Amino acid sequence: MRALTGIKPTATPHLGNLLGAIAPALALQEKADAFYFIADYHALTTLQDAERMRQYTREVAATWLALGLDPARTSLFVQSDIPEVTELTWLLACVLGSGALERAHAYKAAQQDGREVNVGTFLYPVLMAADILIYDSNAVPVGKDQKQHVEMARDMAQAFNSRFGEVFVIPEPIIAEAVATIPGLDGRKMSKSYGNTIEVWLPAKQLRKKIMSITTDSRGVDEVKDPDTCNVFALYKLFATPEQIAALAERYRAPGLGYGHAKEELFQVVEARLAPARVRYEHLLAHPEEIDAVLDAGTRRARTIAAGVLARARQAVGFAGAPRRAVM
Ligand code: ADP
Ligand code: TRP
């Protein structure tokens, strides 16, 4: 089985990205031939600042590695190092009706708010389908918000195959249901667009401060509390062991626990999980040549597969150019 996923380098990674996208993908690398990439072509639809693009690309690569991506087994690369993807985007664009793109979430939302979007944003789902199909991917681990895009990739693969023969593998989305939506500081979905994120690599002191700013109701220490409606507890459940979760739930239901105490417990479990990886992350950012060596090896593996699948697709549509191009 081949697994593939991408993360856009548009911000410093937050706990929603970690639990919703990175951790489930890392769990898959044990049993799949995994290809994970940094989606800079996609990022360019919104991030148009070269220095930040470079910075976030390094940060996302270091994040994957610090959290346990095994470069011996999993290929890590940058999307724009595989330009074959943009050519496949064109082939797929020609078998897709524009109605499907008009119905895509990001475009529809922009239309409803009366915002004009660039053509890259309109074509976003086609580029994403090319990403998936060009590696013969079977499984695509993504957060719930990306499910529609993977379904569109399936539709494009099927449309292409029925017109030109069996060229593409039909991919399946893999959604980590247990952690489907990670709540942010205010209880809404953690997202950089809501400004309610907890960044993965905050130094311990700042991490603690962020956790202390989580919104709670105004119940005092002596009042009993409901763990099931509490933003602090919702995050705690994602990091603590079943025993720790049961113990803290019991303390919520009895007088004597203030939200400050609950937040301290949350800080302790998050810090325990992140501290060792933070050391690796900081080491990698200080040694970019180590990141580059991993990306170079990943690019070679990814590009070999991409070139093969693209050649298949070109042949299927009747482009006879490959040998002629070689002579030029
Ligand atoms: P943001 O919402 O902050 O812009 P992205 O859209 O860049 O985050 O998300 C990158 C990946 O992380 C996607 O696969 C997405 O599904 C996942 N993800 C982001 N936020 C969350 C969240 N709050 N819960 C679960 N998964 C998330
Ligand atoms: N669109 C995805 C996101 O915003 C990132 C992405 C780009 C991706 N190409 C992909 C995810 C291919 C999975 C497969 O999170």
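Whatever order the structure lists ligands and atoms in, that order sets their numbers, starting from 1. This structure is a prediction, so every number in the text was calculated from the model and none was measured. Basis for what follows: all heavy atoms, side chains included, without hydrogens, waters or symmetry-related copies.
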A.B. asks: Nearest protein heavy-atom contact for atom 2 (C) of ligand 2: which residue, which atom, what distance?
C.D. replies: Q146 OE1, 3.3 Å

A.B. asks: For the residue pair P288 and R58, what are the closest heavy atoms and their distance?
C.D. replies: CB-CD, 4.4 Å

A.B. asks: Closest non-hydrogen protein atom to atom 6 (C) of ligand 2, residue and atom name please, with distance?
C.D. replies: G6 O, 3.7 Å

A.B. asks: Answer yes or no for K225 and Y259: cation-pi contact, defined as NZ/CZ to six-membered ring centre under 6.0 Å and angle to ring axis within 45°.
C.D. replies: yes

A.B. asks: Taking both backbone and side-chain atoms of V142, is any N or O found less than 3.5 Å from an N or O belonging to ligand 1?
C.D. replies: no

A.B. asks: Can you tell me if CD on E271 sees more than 12 non-hydrogen neighbours from other groups inside 6.0 Å?
C.D. replies: yes

A.B. asks: State whether a side-chain donor-acceptor pair under 3.5 Å links D40 with T57.
C.D. replies: no

A.B. asks: Sequence neighbours left out, what passes ring-ring contact (aromatic ring centres under 6.0 Å, His included) with H105? Give chain and number order.
C.D. replies: none

A.B. asks: Which atoms of ligand 1 sit under 4.0 Å from any heavy atom of M190?
C.D. replies: 20 (N), 21 (C), 22 (C), 23 (N)

A.B. asks: For atom 5 (P) of ligand 1, state which one of K147, K192, K8, K189 supplies the nearest heavy atom.
C.D. replies: K192

A.B. asks: Does this structure show an ion pair linking K108 with E102, if we count only N-O contacts that are shorter than 4.0 Å?
C.D. replies: no

A.B. asks: Applying a 4.0 Å heavy-atom criterion (strictly less than), which segment of V140 is in contact with ligand 2: side chain, backbone, both, or neither?
C.D. replies: side chain

A.B. asks: At what distance is the nearest protein heavy atom to atom 7 (C) of ligand 2, and which residue and atom is it?
C.D. replies: H42 ND1, 3.2 Å

A.B. asks: Can you confirm, on distance only, whether ligand 2 has an N/O atom lying under 3.5 Å from any N/O atom belonging to T5?
C.D. replies: no

A.B. asks: For ligand 1, which atoms sit closer than 4.0 Å to a heavy atom of G20?
C.D. replies: 25 (C), 26 (N)

A.B. asks: For ligand 1, which atoms sit closer than 4.0 Å to a heavy atom of T181?
C.D. replies: 24 (N)

A.B. asks: Mark the output for I7 as yes if a heavy-atom distance to ligand 1 is under 4.0 Å, and as no if none is.
C.D. replies: no

A.B. asks: Which ligand 2 atoms does K8 reach within 4.0 Å, using its non-hydrogen atoms?
C.D. replies: 4 (O)

A.B. asks: Does R314 count as lying over the ring of F319, i.e. NZ or CZ under 6.0 Å from the six-ring centre, within 45 degrees of the axis?
C.D. replies: no

A.B. asks: Indicate yes or no: does an N/O atom of K144 lie under 3.5 Å from an N/O atom of ligand 1?
C.D. replies: no

A.B. asks: Does any N or O atom in D131 lie less than 3.5 angstrom from one in ligand 2, N or O only?
C.D. replies: yes

A.B. asks: With a 3.5 Å cut-off and no angle check, do the side chains of S75 and R301 form a donor-acceptor pair?
C.D. replies: yes

A.B. asks: Measuring from atom 15 (C) of ligand 1, which candidate in T197, N17, L18, D145 has the nearest non-hydrogen atom?
C.D. replies: D145

A.B. asks: In terms of atom number and element, which parts of ligand 1 are under 4.0 angstrom from non-hydrogen atoms of G143?
C.D. replies: 14 (O), 16 (O)

A.B. asks: For residues 162-169, run the donor-acceptor check on the side chains, cut-off 3.5 Å, and write out each pair with its distance to 0.1 Å, sequence neighbours left out.
C.D. replies:
| unit_1 | atom_1 | unit_2 | atom_2 | d |
| --- | --- | --- | --- | --- |
| S162 | OG | Q158 | O | 3.3 |
| S162 | OG | A159 | O | 3.2 |

A.B. asks: Between F37, Y124, Y41, F35, flag the one that comes closest to atom 12 (C) of ligand 2 by a heavy atom.
C.D. replies: F37

A.B. asks: Of the side chain and backbone of I7, name the one, both, or neither that has a heavy atom under 4.0 Å from an atom of ligand 2.
C.D. replies: neither

A.B. asks: Going hydrophobic residue to hydrophobic residue with side-chain gaps under 4.5 angstrom, can you get from V294 over to V279?
C.D. replies: no

A.B. asks: Going by the order shown, which atoms of ligand 2 are within less than 4.0 Å of some heavy atom of V142?
C.D. replies: 11 (C), 13 (C)

A.B. asks: Tell me which part of I132 gets within contact of ligand 2: side chain, backbone, both or neither, using heavy atoms under 4.0 Å.
C.D. replies: side chain

A.B. asks: More than 12 heavy atoms of other residues, nucleotides or ligands under 6.0 Å from CD of E250: is that the case?
C.D. replies: no

A.B. asks: Go through ligand 2 atom by atom and flag the ones less than 4.0 Å from a non-hydrogen atom of A39.
C.D. replies: 7 (C)

A.B. asks: Specify the closest pair of heavy atoms between K144 and T181, including all atoms of both residues, with the distance to one decimal.
C.D. replies: NZ-OG1, 3.9 Å

A.B. asks: Which ligand 1 atoms, with their elements, are less than 4.0 angstrom from a heavy-atom of H14?
C.D. replies: 1 (P), 3 (O), 8 (O), 19 (C), 20 (N)

A.B. asks: Salt bridge between D49 and R54, side-chain N to carboxylate O under 4.0 Å?
C.D. replies: no

